[in-house]
Enquirer: 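Have a look at the structure that comes next, please.
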Amino acid sequence: MKLIEYRIKGQPVRINVVETFEDLVPFTKFIQENPVLGFDTETTGLDWWNARNNGPFRLRLAQFGNGNESYVIPVELGAKFERITIWALRQADYFIAHNGTYDLHVVEECLGIPMEELAPKFWDTQKLCHLVDPRQIKEGGPGRKLEELVKFYIDPLVADEVKGSMTKIAKRYKVKKEDIWPVVELFDEEFLLYAGMDPVFAFRLFHILYSLVPPRSKAAGLMQWEHRLAHVTAKMERTGYLLDVEYAEERCAELMAEQSEYEAAARLYGIESVNSPKQLLEVFKGLGFKFTKKTKNGNLSIDDDVLSAMDHPAADAVIKAKKAGKWRKTWFEKALAGRDWENRVHASINSCEARTARMSISGTIAAQTYPAGSGYVRHMFLADEGHVTVSIDYGNMELRVMAAASRDPIMLKVFQDGGDLHDMTAIAAFGPTPAGMKKHPKRPAGKGTNFAVGFGGGWEVVHEQFGVPEEDAKRAVKAFWDTYKGVAAFADKLQMQARRTGYIYTATGRRLPVDKSRPYAALNYYIQSSARDITARAILELDRAGYTQWMRLPIHDEIVFSFPKERAEELTEKAARIMEMTFMGLLIPADGEIGQQSWGSVLELEDSKH
DNA sequence: TAGAGAGGCACC
DNA sequence: AAACGGTGCCTCTCTA
């Protein structure tokens, strides 16, 4: 046994590194004496889906610990160490991990224990910290990475020494930080300190965070709720999405050719790097163009809008070259590089991510950012063999939440009567819809206003982001507040709450911090967070009803499924009914669309809405 | 030479 | 009276 001694604010911490089979005797005793344990793993990378079929992914270390002592098991060294790790995982009553979802994937793939068996006894400090304070460092909060939490809640010195050590180790091995994991010596002392302290941190953090979770959130059951949700999204990650490799590779080649062509065209004007705003400004200034649009930091901006308005072949070439390059790299190549041995791609579904708890999807399937206008990108994902892709989404979810939560009588009535809120706002601003017209001619101004107000914007947003003429935008925004007085009162109430306490609470008992400098954001936080919880509830209900095997991705107000073709209609109807719910008295309807095998095919249905 | 910041762009 | 809410990821550029 190798012993590493460390101190957290003067208190000793013992890290026991198992080296031989004899060392397993005290480890066994430790596990039997500690029914609640911090847990962590060290692996060769993050691509757990590459463990099967002799893939390159390996589990290297498994660490168990309480607040003062931990054991590091060198799983990589052989079957006996694997077996004792499996035994320990089955032995203890509860485990505490930071982003335990990842460790559950690793344990399942590398040690063969199904997630279903372990998930119910895993507690996650990442979920707890979100309930305590969801703000990232850059937002002035404690952050949500383990290192950041240790720094904020335990000890800044310890955080720097221990969690910062991987950077030092990478330097010592002369590799990039992301490449250190498979090459670092298993018994490297600094690596063992890093690994061994992790479960100690998780264990300590859990107890600190548990006491800080707002009583209202606890009473509402949010802790259990978030853990169950994370488990369902982990099962979606495990299933993955089937990739049409041939289609993706063809698009890569096509975009590569397009990129080269337009880069060459831009080069004729002296543009060597189409992605350099600095260079673009220099060249175009040389061609006699004047620039006025500013970036948020006050520098001159040369984005798509500016370039489009220039009406010059070089500007056109830059737009096209940039686009082709970005689409290829970000979507097609990312998915191809992330596929497993069965050509399935596994997204990273962050079930509780944004300040509002909104989910995000990152990694190999950046699903939230796929172009919505056509199926070009989404075509690369396929429902399983014999299945079709189905997308079920909520109709006007955030606006319905706004209506229901604010109890605004006019807005509620529009939705209850099956009316069109965008038309209603247009009518309020510009008068009745002319006779003989189905939709109000200024409906786009109404629509822009409804959305802009929902995320805290004013007439400038309506004008700039939705392309509504300035005068119309001003008039529609004013009409919005004059008409929906209940929304105004609700927004005021939330703002007051935020100013007084620094927080607002949602209907589900979630506490959301609101910055003192931006109290108007409270309305958006309430709406966005409530909408997220409606989708989250649906995911849990769908899981209970046995639909997880068919769920592929949750995207805000939409869930994508792969249903067996012959049962598609029946399952779509049933799933939509499960998703649908009444929120504070108002129905939030869900509507499904059945496509062909590819996800992209759903976007090309003739009867697509709106 | 890695990392951070900025700009840009894709979405809800 | 009515304010730009939330993500992820790529490239370039500057700096420690």
Side-chain angles (χ1 to χ4, degrees), chain A residues 134 136 138-139 167 170-171 174-179 272-281 293-307 318-319 322-323 325-331 333-334 347-348 350 353-373 376-378 393-394 396-398 449 451-466 474 476-482 484-485 487-489 491-492 495 512 514-515 517-529 531-532 535 554-558:
Chain A
Q136 298 172 12
K138 63 174 185 238
E139 298 172 304
T167 313
K171 267 209 178 98
K174 296 187 171 62
V175 297
K176 280 187 272 182
K177 200 180 164 187
E178 63 193 86
D179 296 330
E272 289 301 322
S273 180
V274 294
N275 286 309
S276 166
K278 188 170 169 267
Q279 198 180 115
L280 292 178
L281 282 164
K293 187 175 175 182
K294 297 281 177 67
T295 68
K296 71 170 165 64
N297 286 338
N299 301 315
L300 284 179
S301 168
I302 181 153
D303 61 12
D304 200 46
D305 278 347
V306 175
L307 288 163
V318 168
I319 293 173
K322 271 165 72 171
K323 188 167 164 169
K326 181 170 169 113
W327 285 37
R328 176 175 58 82
K329 279 295 281 177
T330 312
W331 298 321
E333 285 189 356
K334 193 98 182 161
S348 210
N350 315 305
E353 183 60 25
R355 183 192 289 221
T356 56
R358 203 186 223 197
M359 291 175 252
S360 79
I361 304 178
S362 55
T364 50
I365 309 182
Q368 285 161 305
T369 68
Y370 290 163
Y376 187 74
V377 173
R378 288 154 140 104
D393 65 355
Y394 289 102
N396 286 317
M397 175 146 71
E398 296 207 347
T449 300
F451 284 127
V453 169
F455 54 70
W459 68 265
E460 282 161 308
V461 178
V462 181
H463 170 54
E464 279 158 28
Q465 274 184 24
F466 295 88
K474 283 181 181 166
V477 169
K478 184 174 186 316
F480 182 97
W481 294 110
D482 290 345
Y484 311 119
K485 294 209 167 64
V487 176
D492 283 348
Q495 272 199 44
L512 303 175
V514 181
D515 304 351
S517 58
R518 290 152 63 243
Y520 55 86
L523 176 67
N524 174 259
Y525 288 172
Y526 186 98
I527 294 169
Q528 191 180 104
S529 194
R532 178 274 188 187
T535 306
I555 308 167
H556 305 314
D557 63 348
E558 172 192 5

Enquirer: Using the C1' atoms of five pairs at each end, what's the angle between the two axes of the helix from B:dT1-C:dA16 to B:dC12-C:dG5, to 10 degrees?
Expert: 10°

Enquirer: Among B:dC11, B:dA2, C:dT7, which nucleotide sits nearest the side chain of A:Ala354?
Expert: C:dT7

Enquirer: Could you please name the option among B:dC9, C:dC9, B:dA10 that lies closest to any side-chain atom of A:Lys323?
Expert: B:dA10

Enquirer: Just to be sure I understand the rule, does A:Lys326 reach a base, reach only the sugar-phosphate, or reach nothing, if contact means heavy atoms closer than 4.0 Å?
Expert: base

Enquirer: Give A:Gly325 one of three labels, base, sugar-phosphate or nothing, depending on what nucleic acid heavy atoms sit under 4.0 Å from its own.
Expert: nothing

Enquirer: For A:Thr356, which contact category applies under a 4.0 Å heavy-atom criterion: base, sugar-phosphate, or nothing?
Expert: nothing

Enquirer: Measuring from the side chain of A:Ser301 (C-beta onward, heavy atoms only), which nucleotide among C:dT7, C:dG6, B:dG8 has the closest atom?
Expert: B:dG8

Enquirer: So what does A:Leu523 hit on the nucleic acid, given a heavy-atom distance under 4.0 Å: a base, only sugar-phosphate, or nothing?
Expert: nothing

Enquirer: Please determine if a side-chain N or O atom of A:Asn524 lies less than 4.0 Å away from the OP1 or OP2 oxygen of C:dG6.
Expert: no

Enquirer: Dump every N/O contact between nucleotides 12-16 of chain C and the protein below 3.5 Å, one line per pair.
Expert:
| residue | atom | partner | partner atom | Å |
| --- | --- | --- | --- | --- |
| C:dC12 | OP1 | A:Ser273 | OG | 2.9 |
| C:dC12 | O3' | A:Ser276 | OG | 3.3 |
| C:dT13 | OP1 | A:Ser276 | OG | 2.6 |

Enquirer: What's touching nucleotides 2-4 of chain C from the protein side, N or O pairs under 3.5 Å?
Expert:
| residue | atom | partner | partner atom | Å |
| --- | --- | --- | --- | --- |
| C:dA2 | N1 | A:Asp492 | OD1 | 2.9 |
| C:dA3 | OP2 | A:Gly458 | N | 3.3 |
| C:dA3 | OP2 | A:Trp459 | N | 3.1 |
| C:dA3 | N6 | A:Gln495 | NE2 | 2.8 |

Enquirer: Using a 4.0 Å heavy-atom cut-off across all strands, classify A:Lys334 as base, sugar-phosphate, or nothing.
Expert: sugar-phosphate

Enquirer: Is the distance between the ring centroids of A:Phe480 and A:Tyr484 under 6.0 Å?
Expert: yes

Enquirer: Contact class for A:Ile527 vs. all strands (heavy atom < 4.0 Å): base, sugar-phosphate, or nothing?
Expert: nothing

Enquirer: Tell me whether the OP1 or OP2 atom of C:dT7 has a side-chain N or O from A:Thr369 closer than 4.0 Å.
Expert: no

Enquirer: Using the side-chain heavy atoms of A:Ala372, tell me which of these nucleotides is nearest: C:dT7, C:dG5, B:dC11.
Expert: B:dC11

Enquirer: Is there a side-chain polar atom (N or O) of A:Lys177 under 4.0 Å from OP1 or OP2 of B:dG3?
Expert: no

Enquirer: OP1, OP2 of B:dA10 versus side-chain N and O of A:Trp327: anything below 4.0 Å?
Expert: yes

Enquirer: Between the side chains of A:Glu353 and A:Ser360, is a donor N or O closer than 3.5 angstrom to an acceptor N or O?
Expert: no

Enquirer: Could you give the distance from CD (A:Gln136) to CZ (A:Arg355), rounded to the nearest 0.5 Å?
Expert: 9.0 Å

Enquirer: With a 4.0 Å limit, can you tell me whether A:Asn299 has a side-chain N or O closer than that to the phosphate oxygens OP1/OP2 of B:dG7?
Expert: yes

Enquirer: A:Gln528 has a side chain; which of B:dA10, B:dA2, C:dG6 sits nearest to it?
Expert: C:dG6

Enquirer: Have a look at A:Phe480 and say if it touches a base, only the backbone sugar-phosphate, or nothing, with a 4.0 Å heavy-atom cut-off.
Expert: nothing

